[in-house]
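These notes are about the structure you will find just below.
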2 protein chains.
Amino acid sequence: MKMATRKEEIMEVSARLFKEKGYNAVSMRDIAKAMGMKAASLYNHISGKQELLSTLILQVARAFTQGMDAVMADAISPVSKIEKIIELHIEITINHSEGLAALNNDWMHLENDDLADFLGMRERYESNFRSIIKDGIDCGEISPRHPEVILFSILSTLRTLYVWYQKRGKLDANVLKKDMVAIFLQGIVAK
Amino acid sequence: MKMATRKEEIMEVSARLFKEKGYNAVSMRDIAKAMGMKAASLYNHISGKQELLSTLILQVARAFTQGMDAVMADAISPVSKIEKIIELHIEITINHSEGLAALNNDWMHLENDDLADFLGMRERYESNFRSIIKDGIDCGEISPRHPEVILFSILSTLRTLYVWYQKRGKLDANVLKKDMVAIFLQGIVAK
DNA sequence: ACAACTAACTAACAATTGTTAGTTTTGTGT
DNA sequence: ACACAAAACTAACAATTGTTAGTTAGTTGT
């Protein structure tokens, strides 16, 4: 039985609103109105506004961490790892589209341990990605450009995927993956 | 004489704060404190918080529009145009670093005409970029991938440039440009 | 010295914020 | 039918928000 708890409903609604206007521009009363109830009633299900944000963000962050760990454990070439990372981002974009906006735009409003957890995961993620690129350059599989530029070119695109994915009328996930891999690996110039 | 007016100082300080915490998380009292004065005193120089945001964003948006117009007027190949666009973004990133954050993250808090102006400029910009890519594909200069995927891959990276540019200890603008052009045109795979 | 400006100040406002306390309604198992 | 828990409600709170009014200090031109 696919029974969504009331708490999960609140989280979905909040995620949608946060995505549209940002964490600070959404009031508890806004969330309540979208749920068809009064602000005070929300507190029967959640501890506060912060919980909404941190649950949302850390959930997605853990999905990334977990996915990256799997990629790192795989005994494949650096370029194949990058392909897997692109797949990972597409999959998370499809399944956590709303939470991704909060992660990208509102992580700085996390507090204390939640903020530290997030930053830790982000740093580990980037550092894993960086080492994949460096390995690729060292073994001659990847062109010897500045690793940081490669990293941020790919990562910026992957991180912003959620903005485009639904706006541009549902391009198929497989087409998207194939084209993105082609662009980053072979470039856009016809040969 | 390089005399910055008080209003310009306020705009710089606001831009810095908006970049760190986002428009809605910065109060007029925050801005005032950073300026070493009281919130009410700000109103001797500006009309309100909205003016700060719209001035900041529309200034940068106009720089983009102007730059794109110049590129479109140039009688060069599609790929050369894309190179020029990359240059344009790097230049704006260096000169308007702070305003870029507001443009990227807080444009939805613009009101009325300002919002309409911004959306108009953004749409025109993207549509110009899209037509350059399509021209390139039509004339065989660019690989026949989904144009939308090419567009958003490049544009996402360019738009997020400001986040990385200063964090990663000042990599030279020329190196940055050379590597980014190489990555998008030739890809990252060694040949 | 005096008038005119500029730019700071203090004090206060109405609205909105997240949240709590206490109460009533709704639904479920016995 | 009754008890119990879940989940909604009303009312209110202290704090913070953007902004205005009125005042005072500092600078400049004559």
Side-chain angles (χ1 to χ4, degrees), chain A residues 1-58 102 105-115, chain B residues 1-58 102 105-115:
Chain A
M1 212 147 358
K2 182 67 184 323
M3 160 69 176
T5 79
R6 208 86 174 102
K7 179 166 180 173
E8 283 165 343
E9 284 184 64
I10 295 174
M11 297 254 306
E12 280 167 31
V13 166
S14 309
R16 210 189 63 227
L17 295 178
F18 291 166
K19 179 178 177 180
E20 281 167 17
K21 321 205 292 167
Y23 178 71
N24 272 285
V26 176
S27 71
M28 294 303 276
R29 285 163 181 84
D30 291 335
I31 297 171
K33 182 170 285 181
M35 287 287 299
M37 58 192 204
K38 293 303 170 73
S41 307
L42 292 170
Y43 290 81
N44 282 320
H45 306 94
I46 57 160
S47 72
K49 203 185 176 190
Q50 263 291 311
E51 187 196 349
L52 293 173
L53 187 69
S54 62
T55 305
L56 221 55
I57 291 180
L58 292 181
N105 306 321
D106 289 316
W107 60 266
M108 72 285 280
H109 300 120
L110 290 174
E111 289 172 357
N112 310 322
D113 287 358
D114 291 333
L115 179 57
Chain B
M1 215 144 2
K2 182 70 184 321
M3 160 71 174
T5 77
R6 208 83 174 103
K7 180 168 181 175
E8 282 166 344
E9 283 183 65
I10 294 175
M11 297 254 307
E12 280 168 30
V13 165
S14 309
R16 210 188 62 228
L17 294 179
F18 291 165
K19 179 177 178 181
E20 281 167 17
K21 321 205 290 168
Y23 178 71
N24 272 286
V26 176
S27 71
M28 294 303 276
R29 285 165 180 83
D30 290 335
I31 297 171
K33 182 171 284 181
M35 287 287 300
M37 59 193 202
K38 293 302 170 75
S41 307
L42 294 170
Y43 290 80
N44 283 320
H45 305 94
I46 57 160
S47 72
K49 202 186 177 190
Q50 263 291 311
E51 188 195 349
L52 292 174
L53 187 68
S54 62
T55 305
L56 220 55
I57 291 180
L58 292 180
N105 306 321
D106 289 316
W107 60 266
M108 71 286 279
H109 300 119
L110 290 173
E111 290 173 357
N112 310 321
D113 288 357
D114 291 333
L115 179 57

_Between C1' of C:dA8 and CE of B:Met35, the distance in whole Å_ = 12 Å
*Rounded off to whole Å, could you give me the NZ-to-C1' distance for the A:Lys38 and D:dA8 pair?*
10 Å
*Rounded to the nearest 0.5 Å, what separation is found between the CD atom of B:Glu51 and the NE2 atom of B:His45?*
12.0 Å
*Looking at A:His45, does any N or O in its side chain come under 4.0 Å of the phosphate oxygens OP1/OP2 on D:dA6?*
no
*B:Leu17 side chain near B:Lys33 side chain, heavy-atom distance below 4.5 Å*: no
_Modelled atom types, side-chain donor and acceptor of A:Asn44 and A:Ser41, under 3.5 Å_ = no
*How close do A:Trp107 and A:Leu115 get, heavy atom to heavy atom, and via which atoms?*
O-CD1, 3.7 Å
*asked:* When you measure from the side-chain N and O atoms of B:Ser27 to the phosphate of D:dT16, is any distance below 4.0 Å, counting only OP1 and OP2?
replied: no
*Rounding to a whole Å, what distance do you find between A:Leu53:CG and C:dG18:P?*
12 Å
*Please work out whether the ring planes of B:His109 and B:Tyr23 are parallel, tilted or perpendicular, with thresholds of 30° and 60°.*
parallel
*Between B:Ser54 and B:Asp114, what is the shortest heavy-atom contact and its length?*
CB-OD2, 3.3 Å
*To the nearest Å, give me how far apart CG (B:Leu52) and C1' (D:dG18) are.*
12 Å
_Nearest heavy atoms of B:Asp30 and B:Ala25, plus distance in Å_ = OD2-O, 3.8 Å
*Let me have a per-nucleotide readout for nucleotides 19-25 of chain D, 5' to 3', with B, S or -, counting only protein heavy atoms under 4.0 Å.*
BBB----
*Compute the angle between the rotation axes at the two ends of the helix from C:dA1-D:dT30 to C:dT30-D:dA1, each taken over five pairs, rounded to 10 degrees.*
10°
*How long is the gap from CE on A:Met108 to CG on A:Asn24, to the nearest 0.5 Å?*
10.0 Å
*asked:* Rounded to whole Å, please give me the gap between CD1 in B:Ile31 and P in C:dA8.
replied: 14 Å
For nucleotides 25-28 of chain C, which of its nitrogen or oxygen atoms have a protein nitrogen or oxygen under 3.5 Å away, and what is each distance?
none

*Rounded to the nearest 0.5 Å, how far does NZ of A:Lys7 lie from CG of A:Leu42?*
12.0 Å
*Report yes if some heavy atom in the side chain of A:Met37 is under 4.5 Å from a heavy atom in the side chain of A:Arg6; otherwise report no.*
yes
*Over how many whole Å does the gap from B:His109 atom NE2 to D:dG18 atom C1' extend?*
15 Å
_Measure CG/B:Leu42 against C1'/C:dT10 and give the value in whole Å, please._
15 Å
*In Å and rounded to the nearest 0.5 Å, what is the CG to NZ distance from A:Asp106 to A:Lys19?*
13.0 Å
*Between atom CD1 in B:Ile10 and atom C1' in D:dG18, what is the gap in whole Å?*
15 Å
